[in-house]
Amino acid sequence: MVADEEGKPLKSRTDFIRALMESDAQSGRFDGRVQTRFPPEPNGYLHIGHAKAICLNFALAQESNGICNLRFDDTNPETEDEQYVEAIIEDLRWLGFSPDDIHHSSDYFPQLYEWAEHLIHAGLAYVDDQDSGTISKQRGGFGKPGVSSPFRNRSVSENLDLFRRMRDGEFPEGSRVLRALIDMQSENMQLRDPIMYRIRAVRHHRTGGDWNIYPTYDWAHGQGDAIEGVTHSLCSLEFSDNRALYKWFLDNLPLDAPAPYQTEFARLELTHTVTSKRKLKELVERDEIDGWDDPRLPTLKALRRRGYPPSAIREFCSFIGVSRTNSRHAIELLESFVRTELNATAQRRMAVIRPLKLIITNWPIDDDGRPVLEYRSLMNNPENDADGTREVPFSGELWIEDDDYRQDPPPKYFRLAPGREVRLRGGYLVTCTGAIQDDDGNVTEVHCIYDPLTAGGAAPDGRKVKATIHWVEANHALDGTVALYERLFTAEVPGEKTGEPIDDLNPASREIINGCKFEPELGEHLNDHVVQFERLGYFAVDQDDPRFFHRTVGLRDEWAKLQRRQTGGS
RNA sequence: UCGGGGAUGGUGUAAUUGGCAACACAGCUGGUUCUGGUCCAGUCGUUGGGGGUUCGAGUCCUCCUCCCCGAACCA
């Protein structure tokens with residue numbers, strides 16, 4: 001195994017795709033050249049599944065000093081739109097990749113047309129006058145051979161004439177198609193005279209009204225690869241059967257360079273989420289979530305808004321590698337990459353999301369009868385001294401987390417309770433002397449006395465406390481809102497039981513908490529837009545509201561785990 | 001039903017191509033710690049089933065089982 005200079009093992013370079021490339025390099029198939037591409041259809045937004053394909057294609061090119069282009073596979077004007085083109089370019093850039101070139105399949109419509117005539121001349125393509133239902137029936141089924149179209153042996157000149165008139169808009173939509181003449185008996189359904197062109201009276205977002213006929217995916221994809229000089233054309237497993245067709249087209253075209261070839265790999269699936277355009281779209285359209293960038297979604301826009309660092313996504317994609325095995329990765333693995341990155345880079349701040357008043361009863365009072373204010377110096381990131389420190393206001397009147405006080409502490413509970421001493425992070429050791437309750441028995445105010453000798457948090461006599469809790473000075477606290485996210489779907493495989501992912505939607509996937517208290521230096525000097533609220537987790541500032549924080553991911557929480565075990569799981 | 005692909009711990013990926021099954025996540029135990037975080041140490045546990053070849057099989061042969069994909073003028 002290869003190792004980098006720090007001695008950490010790098011990911012194996014022996015996956016089947018790299019092995020293929022290695023053997024091509026050795027045989028000189030493409031003169032040692034490597035060119036890949038990322039070919040999205042501009043009909044939706046990029047998601048984590050695309051990220052895997054993106055990282056793979058770009059990494060492969062980089063490793064071989066090759067080229068990776070972005071190509072929009074825009075052959076179906078009915079579903080595609082320019083807005084997606086823009087969004088995809090932006091998401092790709094955010095993920096950290098800049099394509100060597102940006103192309104569009106629609107750039108090749110003229111060449112594709114010319115090649116189609118070439119195939120007609122060669123007797124390898126014909127115009128079929130039947131409708132789609134008829135063609136579909138004739139195609140046969142699994143184990144049942146297809147039957148030939150009655151138009152299958154039209155003359156070259158008739159085919160040419162008809163095809164040109166299709167192009168010129170003489171025929172209504174859906175009335176005729178151009179088909180490749182291959183083999184109606186093939187066991188591979190893709191080879192039973194597949195459609196190359198269909199008539200569509202639709203404006204294309206780039207070519208406008210120039211064309212009345214549009215190429216299908218199969219007729220455009222490999223040809224686009226060939227035109228661009230792609231060597232290794234990667235796609236997902238469900239295209240395996242299309243590989244023979246990909247090859248057939250290229251084999252029958254007058255190409256002057258070695259033809260690219262297609263290799264399939266397993267797409268990325270994650271637990272507790274969906275990565276299918278159709279299902280994502282359904283969620284958005286049914287208003288189950290706020291939109292394409294709702295932080296609960298696995299779209300790149302959403303992950304960015306939620307605070308996922310692009311580097312963590314890249315690391316994750318590289319780590320999981322490629323294979324041909326259908327699998328579903330645990331979302332926890334992605335999260336662990338997010339935590340690792342954020343632990344190193346996110347500055348620490350203090351925030352109290354469910355505030356409970358804490359009064360230090362022996363804290364000094366100034367001449368106006370108000371608690372004396374002082375400033376405590378706290379590390380911005382204990383993992384990174386270079387991030388420095390900040391001054392945080394402190395007094396005898398603080399907010400602490402409701403969960404950090406128990407009138408009646410359960411076993412193993414280390415935090416504040418009557419008679420207990422804890423540390424206020426970066427502040428003092430305080431001992432609880434009691435609490436005020438309302439008529440319903442709810443604790444409304446916790447009282448403590450502090451030890452003035454413990455400024456900064458350390459006791460000169462060396463005594464230890466079992467817990468350190470976070471706090472926000474009450475008179476300088478900023479008010480704001482926090483959104484806590486859980487899995488979007490409760491089931492590991494959404495829709496596994498009923499076939500409908502929506503049935504497994506987690507009703508508690510988002511909890512919005514108002515009235516949170518933040519320390520005054522909140523959004524200042526952040527690396528990117530993510531902070532760690534100490535003991536709570538990583539949070540991303542909302543792009544539109546500086547007082548609104550999305551929880552990117554929580555911290556590992558031993559106490560929560562312990563509690564879960566004590567209450568019998570779930 | 002036919003064709004194509006796949007199966008390694010709880011999960012995912014690897015194994016010098018026939019030679020001690022490893023890495024990570026998750027779990028568990030302990031240590032460190034001014035975050036019940038981080039970090040450190042330890043631990044748990046794997047080749048779908050049967051047969052065969054071999055000194056030796058996750059790897060080769062054979063039979064079986066199970067899973068995924070494919071019958072849009074979608075991609």
Go through the structure and list residues passing side-chain hydrogen bond (donor to acceptor under 3.5 Å, both in side chains) with A:Glu80, not counting sequence neighbours. none
A:Thr271 near the nucleic acid: base, sugar-phosphate alone, or nothing, with a heavy-atom cut-off under 4.0 Å? nothing
By the 4.0 Å heavy-atom rule, please label A:Phe265 as base, sugar-phosphate, or nothing. nothing
Figure out the CD1/C1' separation between A:Ile400 and B:U35, and round it to whole Å. 15 Å
In whole Å, measure the gap between the C1' atoms of B:U65 and B:U29 for me. 39 Å
Rounded to whole angstrom units, what separation is found between the CD atom of A:Glu269 and the P atom of B:U11? 16 Å
Grab the CG-C1' distance between A:Asn326 and B:U13 for me, whole Å please. 15 Å
Measure CD/A:Glu22 against P/B:U16 and give the value in whole Å, please. 16 Å
Taking atom C1' in both B:G45 and B:C39, compute the distance separating them and give it to the nearest angstrom. 25 Å
P-based separation of B:A57 from B:G19 [nearest Å]: 11 Å
A:Ala266: partners by side-chain contact (heavy atoms from CB on, under 4.5 Å), with sequence neighbours left out: A:Leu237
Decide, for B:A72, between syn and anti: a glycosidic angle within 90° of 0 counts as syn, anything else as anti. syn
Salt bridge (Lys or Arg N to Asp or Glu O under 4.0 Å): pairs with one or both residues in residues 179-196 of chain A, sequence neighbours excluded: A:Asp128-A:Arg179, A:Arg152-A:Asp193
Residue A:Arg556, side-chain heavy atoms: nucleotide from B:G36, B:C25, B:U35 that is nearest: B:C25
Whole-Å gap separating P (B:U33) and CE (A:Met379): 16 Å
Pairwise P distance for B:G30 and B:G18, with rounding to whole Å: 45 Å
Determine the interplanar angle of the A:Trp559 and A:Tyr413 rings, folded into 0 to 90°, and report it as parallel if under 30°, tilted if 30 to 60°, perpendicular if over 60°. perpendicular
Taking 4.0 Å as the cut-off, does a side-chain nitrogen or oxygen of A:Arg565 come that near to OP1 or OP2 on B:C28? yes
Is any side-chain nitrogen or oxygen of A:Arg415 closer than 4.0 Å to OP1 or OP2 of B:G36? no
Atom CZ of A:Phe337 and atom P of B:A26: how far apart are they, to the nearest Å? 10 Å
Among A:Phe539, A:Trp399, A:Phe549, the one residue meeting ring pair (Phe, Tyr, Trp, His ring centres under 6.0 Å) with A:Phe518: A:Phe549
Gap in Å between the two P atoms, one belonging to B:U59 and one to B:G9, rounded: 14 Å
Starting at the 5' end of nucleotides 70-75 of chain B, put B wherever the base has a protein heavy atom under 4.0 Å, S where only the sugar-phosphate does, and a dash everywhere else. BBSBSB
Chi class for B:U17: syn within 90° of 0, otherwise anti: syn
Looking at every strand, decide which applies to A:Leu536 at a 4.0 Å heavy-atom threshold: base, sugar-phosphate, or nothing. nothing
Under 4.0 angstrom, heavy atoms only, what part of the nucleic acid is A:Arg423 near: base, sugar-phosphate, or nothing? base
Which stems does RNA chain B form, counting runs of 3 or more consecutive Watson-Crick or G-U wobble pairs with both distances under 3.5 Å? B:2-7 with B:65-70, B:10-13 with B:22-25, B:27-31 with B:39-43, B:48-52 with B:60-64
Measure from the side chain of A:Glu332, starting at C-beta and using heavy atoms only, and say which of B:G37, B:U13, B:C25 lies closest. B:C25
Nearest-Å distance once atom C1' is located in both B:G10 and B:A26: 7 Å
Give the intermediate values and the outcome of side-chain contact (heavy atoms from CB on, under 4.5 Å) for residues A:Phe316 and A:Leu268. CA-CA 11 Å; A:Phe316 169 74; A:Leu268 171 67; 4.0 Å; yes
Could you give the CD-to-C1' distance, from A:Glu558 to B:G27, as a whole number of Å? 11 Å
For B:G12 and B:G6, measure between their C1' atoms and round to the nearest Å. 15 Å
side-chain N/O A:Lys561 vs B:C28 OP1/OP2, d < 4.0 Å: yes
Is the ring pair A:Phe394/A:Tyr428 parallel, tilted or perpendicular, if the boundaries are 30 and 60 degrees? tilted
Test side-chain hydrogen bond (donor to acceptor under 3.5 Å, both in side chains) applied to A:Ser106 - qualifying residues, sequence neighbours left out: A:Asp74
Using the closest heavy atom to pick a nucleotide of RNA chain B for each, name whichever of A:Thr454 or A:Thr325 lands nearer the 5' end. A:Thr325
Looking for any heavy atom pair under 4.0 Å, which part of the strands does A:Arg348 touch: base, sugar-phosphate only, or nothing? base
Indicate, with yes or no, if the rings of A:Tyr217 and A:Phe239 have centres closer together than 6.0 Å. yes
Please classify the nucleic acid contact of A:Leu333 as base, sugar-phosphate, or nothing, using heavy-atom distances under 4.0 Å. sugar-phosphate
Close side-chain approach of A:Asn384 to A:Met379, heavy-atom, < 4.5 Å: no
Provide the distance between the two C1' atoms, one in B:G58 and one in B:A22, to the nearest whole Å. 13 Å
A:His470 side chain to A:Arg425 side chain, donor-acceptor N/O pair below 3.5 angstrom: no
Would you please classify the geometry between the A:Phe163 ring and the A:Tyr197 ring as parallel, tilted or perpendicular, with 30° and 60° separating the classes? tilted
Provide, to the nearest angstrom, the distance between the CG atom belonging to A:Leu237 and the P atom belonging to B:A7. 11 Å
By nearest-nucleotide position on RNA chain B, the 5'-leaning member of A:Gly427 and A:Ala330 is A:Ala330
